[in-house]
Amino acid sequence: MKTLRKYRWVLICLLLAVALILPQVISSYLAGILCRILLFGTLAGSLNVINGYSGQMNIGHAGFVCIGAYTGAILATRTGVPFVLQLVCGGILASLVAWVLSKPMQRLKGIYLAIITMGFCEITRIISLNWVGLTGGPLGIKNIPAPVFFGVKFNTPERYAYIFLAILVIFTFLTGRVLNSRVGRAWISIREDDLAARSLGVKLGHYRSINLMYGAFFAGVCGAAMGPYYRYIASDMFSMDMSFNILSMVILGGQGTLIGPIVGAAIINTVTEAFRFAQEYRMVLYAVIIIAMMWIRPQGLIGVSNSMLSGRGIVKKRGRGQKNERPA
Amino acid sequence: MNVLLESKDVCKYFGGLKAVQKVNMRVRQGDVFGIIGPNGAGKTTFFNLCSGIYSPTSGQILFEGEDISHLRPEDIAKRGIARTFQNIQLFKFMTVLDNVKIGFHLSTRTNMLDAMLHTRRYRQDEEMIQTQGRRILEKVGLAEYASLPAGNLPYGIQRKVEIARALALEPKMILLDEPAAGMNPMETDSLRQFILQLNQEGYTIVVIEHDMKFVMNSCSRILVLNFGEKIFEGTPEQVRSDPGVNEAYFGKSGYWKEAQEDAEG
């Protein structure tokens, strides 16, 4: 394990190199899957910041994606602001909504948070379905222009993969840094024992609030990046199905680990693609995977002790010798 | 000496249950103040009132002359009261050092942007808590456990980690809820020495404890609670000779005498 730790930078560079070359050598279909993996990797990662690191049970993550997506799409079709600004605006708006949402969430815990976030997800979907003037209602928003960088139009999955990759890399890098700081430790302390955290002066409401805002920001960024990729968004893309999809990636990969959700996203997207022939029945398989996971490895695939995949020793702190113990 | 923590007619009712009733207490600066009482006497409830986990039904709690009765735990921590818990509440999946690092939360200022950009403030804070954290662990005698997950350690060590974490707050007063529970006599004795050493360094200490030897040998003043009410407050010698306290602990002495007389025939 030590050698693995030593060479982790080499490995990370290798992985990045592969990710950089991959879109050029695979077919357009496979590049599409790669795009989904990268997109959902970031989404699962941002949900993991909320669920895995501060212990808030958010099951309505699609709501934030929805807000980001509509913000980005409206800006892109009506104003023509630069692409990066669309992403940032999507993120900021989602984050602002998260701030409002965090107010009623402050006094609640566990399953009650799940109900609030579920309600929130449905509310955003229904508003975006019915606010025809702004969102196009059931028709959604069409013809979202593809971004152009250095004269290159990012209108194919092969090219767009780089945008999703960049978002994922930035997200993982920043999150790794935040988690290893005073802020991240405050989040983790709240997850582990909120009463003890409070008696050490960690402002519970404040840190839960900024935790939700941080996760929502990246969900919003992903949402805003989705629009130009699919060239079209509609409210039914952001239903609870999407929320549960993201959640299952987090659970499969391992809550409270940096790399886990990305692995989870890769596996679930691959499996659902591979079983496309089974049509609706693949959802059964999907459910079986999650149930099996909860049963066999409740801590998720990457939730192991000294795995070099575990982000910067954050997982190291929890595993080690208590394999079947569930994170609190 | 001036009064640091004072409670005035503090009551806490849970529905019809009077957990704490009209308790008056004065902890002076520099005290090692003991709170004793039989099980269910309301000691821990009283602690929870002092540290803001509960707010009193009526009455006032003053810290340094200011009312803290209805402040939140995080605000009370900020004013300088640190505490440990009866049923050890460590961050089990974090290392011992990281547990202590969270104790420095209030004395550091790093925000999210600092963390993302690794600004000077971030580097200074991290360096500070790294060295200070190690220093505290050494002082408590836990340096060798620094990188182990706190949840895997033996009970006695976990108790010490909790104290180390409380010390990181740099509090004026430390509330210890049964720190010697589950320790053997040797560990208890070294804990007693340690608490007295902390007291020498200027920390005011309030301690709930069942171990009479521990309390009698280390506390300067003792508050005795029974069924939520204060039955006595005074020095260990006074407590020992007070008939009310003896009655609460051993029952009515009359029965005891009768039993003895019966035995003698």
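In what follows, chains carry the letters A, B, and so on, assigned in the order in which the sequence lines appear, proteins first and then strands, with residues in each chain numbered from 1.
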Under 4.5 Å from a heavy atom of chain A, the part of Leu169(B) involved: side chain
Give a yes or no on whether [X] atom [atom1] has more than 12 heavy-atom contacts from other residues, nucleotides or ligands under 6.0 Å away.
X: Ile111(A); atom1: CD1; result: no
X: Glu201(B); atom1: CD; result: yes
X: Lys78(B); atom1: NZ; result: no
X: Arg121(B); atom1: CZ; result: yes
X: Tyr112(A); atom1: OH; result: no

Worked check of side chain to side chain contact (heavy atoms under 4.5 Å, CB included) between Leu200(A) and Phe91(B): CA-CA 12 Å; Leu200(A) 291 170; Phe91(B) 309 120; 3.9 Å; yes
Side-chain donor or acceptor of Glu192(A) paired with backbone N/O of Phe93(B) under 3.5 Å: yes
Per-residue contacts, residues 102-116 of chain B versus chain A, heavy atoms under 4.5 Å: Ile102(B), Gly103(B), His105(B), Leu106(B), Thr108(B), Arg109(B), Thr110(B), Asn111(B), Met112(B), Ala115(B), Met116(B)
Electrostatic pair Glu126(B)-Arg177(A), nearest N-O below 4.0 angstrom: no
Salt-bridge criterion met for Glu74(B) and Lys203(A) (N-O under 4.0 Å): no
Heavy-atom pair count under 4.5 Å with chain B, highest-scoring of Leu195(A), Val183(A), Val178(A): Leu195(A)
Which of Ser199(A), Ser189(A), Ser181(A) touches chain B most, by non-hydrogen pairs under 4.5 Å: Ser189(A)
Heavy-atom pairs under 4.5 Å with chain A, option from Ala77(B), Ala166(B), Gly52(B) with the top count: Ala77(B)
Test side-chain contact (heavy atoms from CB on, under 4.5 Å) applied to Thr71(A) - qualifying residues, sequence neighbours left out: Ile67(A), Leu75(A), Cys89(A), Leu93(A)
